[in-house]
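To keep things clear, I will list the structure first and then write my remarks on it.
Because only heavy atoms are used, hydrogens play no part in the values below, and waters and symmetry mates are left out as well, while side chains stay in. Whatever order the structure lists ligands and atoms in, that order sets their numbers, starting from 1.
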Amino acid sequence: MKPVHLIIIIVLILIEYIAATSIIFTTLGRSRYAFDIFSLPINTTGPELQLTDANSVNFNGHFVSVNSNGQFHLLYVTERNGSSSIFLDVVSYPSLDHRPTKRSILETESTQSQSFFDTGSTRLQSIYETESTRSQRRLIGGGDGRISMKDRPSLVGDFLIYVSTHEETGVSRTSWAAVYSTQLSTGLTQRLTPPGVADFSPAVSPSGLWTAVASSGENGWGGEVEELSTDIYVFLTRNGSNRVKVVEHGGWPSWADDSTIYFHRRGDDGWWSIYVAIVPENMLFSVDSVVTRRVTPPGLHSFTPAASVTNKNIIAVATRRPDSDYRHIELFDIGSGKFKYLTRLVAPNAHHYNPFISPDSSRVGYHRCRGAGNNGKMIKNDLFLENIRTEKPDISLFRVDGSFPSFSPDGSRIAYVWLPGIYVINSDGSGRRVIDPDVSAFSTVWDPKRKGMIYTSIGPTFASEDTSVDIYSIDVDVDEPRFTKLTIGGQNNAFPSVSPDGKWIVFRSGRTGHKNLYIMNAIGEKGGLTQLTEGPWSDTMCSWSPDGDWIAFVSDRHNPGSGSFALYLIHPNGTGLRHLIHSGSGGRVNHPGFSPDGNHLVFTSDYAGVSAEPISNPHHYQPYGDIFTMKLDGSELTRLTHNSYEDGTPAWGPKFLTPENVKWSGNEEKCSFEDPYWLAIANRLDDAKIQCGG
Ligand SMILES: *[C@@H]1O[C@H](CO)[C@@H](O)[C@H](O)[C@H]1NC(C)=O
Ligand SMILES: *[C@@H]1O[C@H](CO)[C@@H](O)[C@H](O)[C@H]1NC(C)=O
Ligand SMILES: *[C@@H]1O[C@H](CO)[C@@H](O)[C@H](O)[C@H]1NC(C)=O
Ligand SMILES: *[C@@H]1O[C@H](CO)[C@@H](O)[C@H](O)[C@H]1NC(C)=O
């Protein structure tokens, strides 16, 4: 190789290295999930088994088979290695038929049950047996081809049927979730969902001939975050043809036989319940002729049904009952109309999700946090930064176990809040400093010039214009971190961002009765203040560009008070207002931040809709949130995250952190996430009272 070539290569490597950067963001609750798939026997009082291997999060399982020697063939989704993939594990518990020897009783609280159809009030124990063998096979995802969310797998012969988000719709605010079939022997993949349509929660019929989905149909996604307005469609698993609508208004289909589909919907009385639809096996009918019937009673929420193909009398469901704060898996006897507790007898204080029944009807599977319970014995989260794969080799992307993270100017440190509490830590997970454990701070940003100086807003989030919120600077490197209040009025002054010369701070304030942008002297508004934007709407979440020429912010000026936000740019002198992106009528673009070279913005948006039925997940206020980047001229919109969670508050730093998980010695606890608030029955009863009382 000639020296000149070597120099060119070195220069190219340097350019690549210099350009390489890191993005950090928050996913509500996700750092605490620690999901594994567990299983309980249906008819006996045998042990609860943990079927997956406690690596990352494992969820939405499906039994391919369970044999009497205690061997399980289990399909599931996993997020190990920084992206979503589908695994098939064959795991053996040979001592299953004898009583296991190794026991650890996790929860022994006895529970009164209302109605049992066989085992009465026998108390079950959660027992970890040691598996004798496990073979593990990654079937799809996890770095093959495009990064995407994978979900709800099932297997028909050699064909894996699943949801994936790898195809961009090209239309804002539409979901990328669609059903695909991949032949495992050849790797050939076929899309089964028609173009322009989103399909969720696929279920294959017992014969394999038909697949049922919850589909947004031609109407698309209307912004729903509780119940999606989906209908149930059925099509030929083989090639997606003969697609027909079988049920208006329903989700999460599950087949008992090739003409019986269970599903859930929220009824007119407000209760989520299981319904059944009887369809002709040849699927030649019109939707009006399909008979549907409500199966589970009001008075509790029943949802995410799993039918059994060998025992037509039972379905497994998740419930939320008035007498429990937790989501549990129960059996429901179709004939007698009685429920039987399953998980409540084992781990009463844990949320359990998305049941599935083995083909021989001997066992039910579900996922829950592998710690004992949401407020039982906890396990520690040892990951501060979880590396998330992207298709961009020059960006390393991380989920932070904390909110509103921001990089120090050289990228070596991260500030974050924990609502309440404010913290600073080295980017390698070392040296965590508690700046204040109790302060209700939100948003963090570093001063580009003064070392160790950060800015935050202190007060309630999502509050009205006259709420007391003020901007503070905090010197985090002195022995006693010094808080200095920079704004005076206390009228919702928030989201500070500092000019690159360190002289000015842009922020939003509600002081005129509307949230608009202001620029103050970095020593405080007493040192000088000008109003940057003005109007009867909300301008907020501002960020100053590294070259000083632009301020990015979001605004609802197109429809004040609607909750819909678009992304704008403006010069600090108030000229050059430019609309950059809006995800559509009612859409949301939030929390913009500049790339270190100033050419791109990172933000969170509902541009790609929701990716799964929200009821199948823990609580997310905005389950559509994904992280995107875009050039300042509005081109090159790129989706970085693919999941059904709320990803938000991204920040872009100048240092390329090695794309690997970063551990810490923080003592944050896993298993402390929430179930959807809208399933809490007390709230529902309150709503009912409000309605009745006018
Ligand atoms: C996935 O991560 C594990 C460690 O959790 C590692 O052993 C394995 O090699 C990784 N696999 C791939 C395909 O990167
Ligand atoms: C789909 O499969 C069915 C059943 O094998 C077949 O009759 C039909 O022609 C196929 N349709 C297409 C579009 O390939
Ligand atoms: C479980 O019990 C039901 C009756 O409650 C029975 O119909 C079914 O066959 C039993 N299943 C197994 C796998 O033993
Ligand atoms: C406003 O600022 C921009 C860049 O910051 C500059 O290009 C422009 O000339 C300025 N306009 C006025 C009227 O000062």
Side-chain angles (χ1 to χ4, degrees), residues 154-162 167 178-186 188-197 199 202-213 215 218 233-246 255 258-259 279-285 448-449 496-508 516-522 528-535 539 542-553 555 567-580 592-601 631-634:
S154 45
L155 200 56
V156 190
D158 187 26
F159 291 87
L160 184 71
I161 313 298
Y162 58 97
E167 278 183 285
V179 175
Y180 295 81
S181 130
T182 295
Q183 186 172 23
L184 295 175
S185 55
T186 63
L188 287 178
T189 295
Q190 184 187 8
R191 180 177 169 122
L192 302 179
T193 300
V197 168
D199 283 344
V204 178
S205 72
S207 73
L209 198 56
W210 301 101
T211 294
V213 293
S215 179
E218 299 90 52
Y233 284 74
V234 168
F235 52 76
L236 281 174
T237 307
R238 180 193 175 88
N239 57 16
S241 70
N242 295 34
R243 186 178 167 104
V244 282
K245 187 197 280 188
V246 296
W255 304 78
D258 271 47
S259 62
V279 294
E281 275 196 37
N282 58 12
M283 300 293 156
L284 296 173
F285 58 86
K449 295 288 183 202
S497 179
V498 192
S499 61
D501 60 8
K503 289 184 178 153
W504 306 100
I505 293 175
V506 62
F507 64 103
R508 77 106 200 268
N516 291 139
L517 302 187
Y518 295 77
I519 294 176
M520 67 175 164
N521 192 303
L529 179 78
T530 56
Q531 184 163 0
L532 178 62
T533 63
E534 187 174 2
D539 302 319
C542 35
S543 174
W544 211 310
S545 71
D547 66 4
D549 275 354
W550 290 107
I551 287 161
F553 66 101
S555 176
L567 178 54
Y568 293 83
L569 289 170
I570 193 170
H571 288 308
N573 60 15
T575 67
L577 180 73
R578 191 201 290 174
H579 173 272
L580 205 56
F594 282 91
S595 61
D597 66 8
N599 292 330
H600 289 79
L601 283 161
K631 278 184 89 167
L632 245 52
D633 64 7

ask   = Just by distance, do the side chain of Asp258 and the backbone of Ser207 share a donor-acceptor pair under 3.5 Å?
value = yes
query = Any idea which protein heavy atom is nearest atom 1 (C) of ligand 2, and the distance to it?
reply = Asn239 ND2, 1.5 Å
ask   = Looking at atom 5 (O) of ligand 4, what's its closest protein heavy atom, distance included?
value = Asp549 OD1, 3.3 Å
query = Could any protein non-hydrogen atom be found less than 4.0 Å from atom 14 (O) of ligand 4?
reply = yes
message = Using a 4.0 Å heavy-atom cut-off, which part of Asn242 comes near ligand 2: side chain, backbone, both, or neither?
response = neither
query = Does the side chain of Tyr162 come under 3.5 Å of the side chain of Ser181 through a donor N or O and an acceptor N or O?
reply = no
Any side-chain heavy-atom pair of Phe553 and Leu517 under 4.5 Å = yes
ask   = What atoms of ligand 4 come closer than 4.0 angstrom to any heavy atom of Thr575?
value = 1 (C), 11 (N)
task = Give a yes or no on whether the backbone of Ala178 and the side-chain of Thr193 come within a donor-acceptor separation of less than 3.5 Å.
result = no
key: Spacing of Ile570 atom CD1 and Asp549 atom CG [to the nearest 0.5 Å]   = 13.0 Å
Atom 4 (C) of ligand 2: nearest protein contact (heavy atom, Å) = Arg238 CD, 3.7 Å
ask   = Can you tell me the protein heavy atom closest to atom 7 (O) of ligand 4 and the distance?
value = His571 NE2, 4.6 Å
task = Check the angle between the aromatic planes of His579 and Tyr568 and answer parallel, tilted or perpendicular using the 30° and 60° thresholds.
result = perpendicular
task = Could you tell me whether atom 9 (O) of ligand 2 has a protein heavy atom closer than 4.0 Å?
result = no
request  = Number the atoms of ligand 2 from 1 as they appear, then name those within less than 4.0 Å of a heavy atom of Ser241, with their elements.
outcome  = 1 (C), 11 (N)
query = Does one side chain, of Arg243 or Ser215, offer a donor that lies under 3.5 Å from an acceptor on the other?
reply = yes
task = Mark up the atoms of ligand 4 that fall under 4.0 Å of a heavy atom belonging to Asn573, in ascending order.
result = 1 (C), 2 (O), 3 (C), 8 (C), 10 (C), 11 (N), 12 (C), 14 (O)
